[in-house]
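Take a look at the structure set out below.
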Amino acid sequence: MEHPVVVGVDGSDGSLAALDWATEEATRFGLPLRVVYASLWERYEGAVPSFTGERPAEEVAAQHIVASSEQRARQLSPGLAVHAVTAPDDAVEALVEESDSASVVVTGSSGRGAVKELLLGSVSLAVAGRANCPVVVVRGEERNVKGMSHRVVVGVGEADEAATAVRFAFREAEARGCELQAVRAWRTPQQPTDPTTGLESAARSHEQWAGAVLDEVLEEAVAAHPDVPVTRTVVEGPAHRALLGPAADADLLVLGATRRQDGFGLHLGRVTHTALHRAGCPVAVVPHR
């Protein structure tokens, strides 16, 4: 059975952007689209008998959001298999449960006030940290969201943790017909490990090592996707800063995440947190397998 693209909607502008992005993603990969609106009204109002015969306002709102979202997706992509549902659950719990059988879960980025582009909704952050499949948080300017930059950026961490994210990024780049930029950061040593060499020599050694790791991680994916143009970027400095620049001119930023040792969710480090809050394009968080 094909695993659908799942998108969470709530009627907000952010969720409409997520719905449009998810519709394009499902169409791009030939997958069905599953639209999910999570609401707890059934647990409370649905259990109380109505003496007026009128439907609860929350039920009316839920049905409107679900129906209009399904109609919007069908208009954007005629012929796409779309299934829209209302889940009687908390939004985070509903989407995490959906992630068990989804190819990817898509959410919108939300916030308040004049700095809304810098604030990430609690639902998006929680889903990104707990889902069992890749999660895409749709954010950024229209050019980035609409895929007009023709570039996918992937942040490459340690070799044994980056493979899954790299494979995901290559599949996205190939399906979009765009280039892939692989970025790995390195830090200037505070003092040379070998006292007979200077800092400049030690820094050059660290940079070369970072490049070697990048080549190692990319080798298998490059062979599997030979038609994807690849740019390798090795940057001195903190990884979260090294990625924000390329992300500003990208259609998608892909980052890997590892399972926490206690088994509860993913370990979202500083790099991922910064990207989810500040990246200029949609961000994909891919669990390490």
Can a donor-acceptor pair be found, under 3.5 Å and without considering hydrogens, that links the side chain of Asp251 to the backbone of Met148?
yes
How many angstroms lie between OG in Ser101 and CD in Glu2, if you round to the nearest 0.5 Å?
13.0 Å
Contact check, side chains of Leu243 and Leu255, non-hydrogen atoms, under 4.5 Å
yes
Counting N and O atoms only, with roles assigned by atom type, does the side chain of Ser109 sit under 3.5 Å from a partner on the main chain of Val138, one being a donor and the other an acceptor?
no
Derivation and outcome, side-chain contact (heavy atoms from CB on, under 4.5 Å), residues Arg34 and Val85
CA-CA 8 Å; Arg34 183 172 171 84; Val85 299; 3.7 Å; yes
So, does Ser124 use its side chain to make a donor-acceptor pair with the main chain of Gly108 at under 3.5 Å?
yes
Shortest non-hydrogen pair, Ala94 vs Ala87, comes out as CB-CB, 4.0 Å
Grab the two heavy atoms, one from Leu252 and one from Trp21, that are nearest each other, plus how far apart they are.
CD1-CZ2, 4.2 Å
Indicate the atoms forming the closest heavy-atom contact of Ala239 with Val271, along with that distance.
CB-CG2, 3.6 Å
The test is side-chain contact (heavy atoms from CB on, under 4.5 Å); show your working for Phe168 and Val152 and say whether it passes.
CA-CA 10 Å; Phe168 181 91; Val152 170; over 6 Å; no
What distance separates Leu33 CG from Glu70 CD, expressed to the nearest 0.5 Å?
9.0 Å
Heavy-atom side-chain proximity of Val6 to Ser99 below 4.5 angstrom:
no
When you compare the side chain of Ser149 with that of Asn144, does any pair of heavy atoms fall below 4.5 Å?
yes
Which residues share a side chain to side chain donor-acceptor pair (under 3.5 Å) with Arg171, sequence neighbours left out
none
Sequence neighbours excluded, which residues qualify as side chain to side chain donor-acceptor pair (under 3.5 Å) partners of Glu24?
none
Has Arg278 got a side-chain atom pairing as donor or acceptor with Leu244's backbone, closer than 3.5 angstrom?
no
Look up atom CG in Leu80 and atom CD in Gln75, then write down how far apart they are to the nearest 0.5 Å.
13.0 Å
Supply the atom-to-atom distance Arg72 CZ to Leu16 CG, rounded to the nearest 0.5 angstrom.
5.0 Å
Closest approach of Val7 to Ala22 (non-hydrogen atoms, all atoms of both residues)
CB-CB, 3.6 Å
Would you list the pairs meeting ring-ring contact (aromatic ring centres under 6.0 Å, His included) in which at least one residue belongs to residues 212-247, sequence neighbours left out?
Phe170-His225
Any Glu25 side-chain heavy atom under 4.5 Å of Arg28 side chain:
yes
Run the side chain to side chain donor-acceptor pair (under 3.5 Å) test against Thr274 and tell me which residues pass, sequence neighbours left out.
none
I would like to know whether Val166 and Leu218 meet side-chain contact (heavy atoms from CB on, under 4.5 Å); could you show each step before the answer?
CA-CA 7 Å; Val166 166; Leu218 295 179; 4.0 Å; yes
Test item: Val234 and Gln208 side chains (from C-beta on) under 4.5 Å apart, heavy atoms
no
Separation between CD (Gln181) and CG (Leu253), nearest 0.5 Å, reads 10.0 Å
Please assess Glu174 against Leu180 for the test side-chain contact (heavy atoms from CB on, under 4.5 Å), listing each intermediate value before the final yes or no.
CA-CA 9 Å; Glu174 184 173 65; Leu180 182 137; over 6 Å; no
Heavy atoms, side chains only, cut-off 4.5 Å: are Cys133 and Val105 in contact?
yes
Restricting to non-hydrogen atoms, name the atom on Ser15 and the atom on Gly11 that form the minimum distance, rounded to 0.1 Å.
OG-N, 3.3 Å
Minimum-distance pair of heavy atoms, taken over all atoms of Ala223 and Pro226
O-CD, 3.6 Å
Side chain to side chain donor-acceptor pair (under 3.5 Å) filter on Glu93, not counting sequence neighbours, yields Arg130
Is Val82 close to Arg74 at the side-chain level, that is, under 4.5 Å between some pair of heavy atoms?
yes
More than 12 heavy atoms of other groups within 6.0 Å of Arg232 CZ
yes
Quick check on Glu97: does its CD atom have over 12 non-hydrogen neighbours (other residues, nucleotides or ligands) under 6.0 Å away?
no
Working to the nearest 0.5 Å, report the span between CG of Asp20 and CG of Leu76.
5.0 Å
Can you find a heavy atom in the side chain of Phe29 that is under 4.5 Å from one in the side chain of Ser103?
no
If the condition is salt bridge (Lys or Arg N to Asp or Glu O under 4.0 Å), which residues does Glu219 pass it with, not counting sequence neighbours?
none
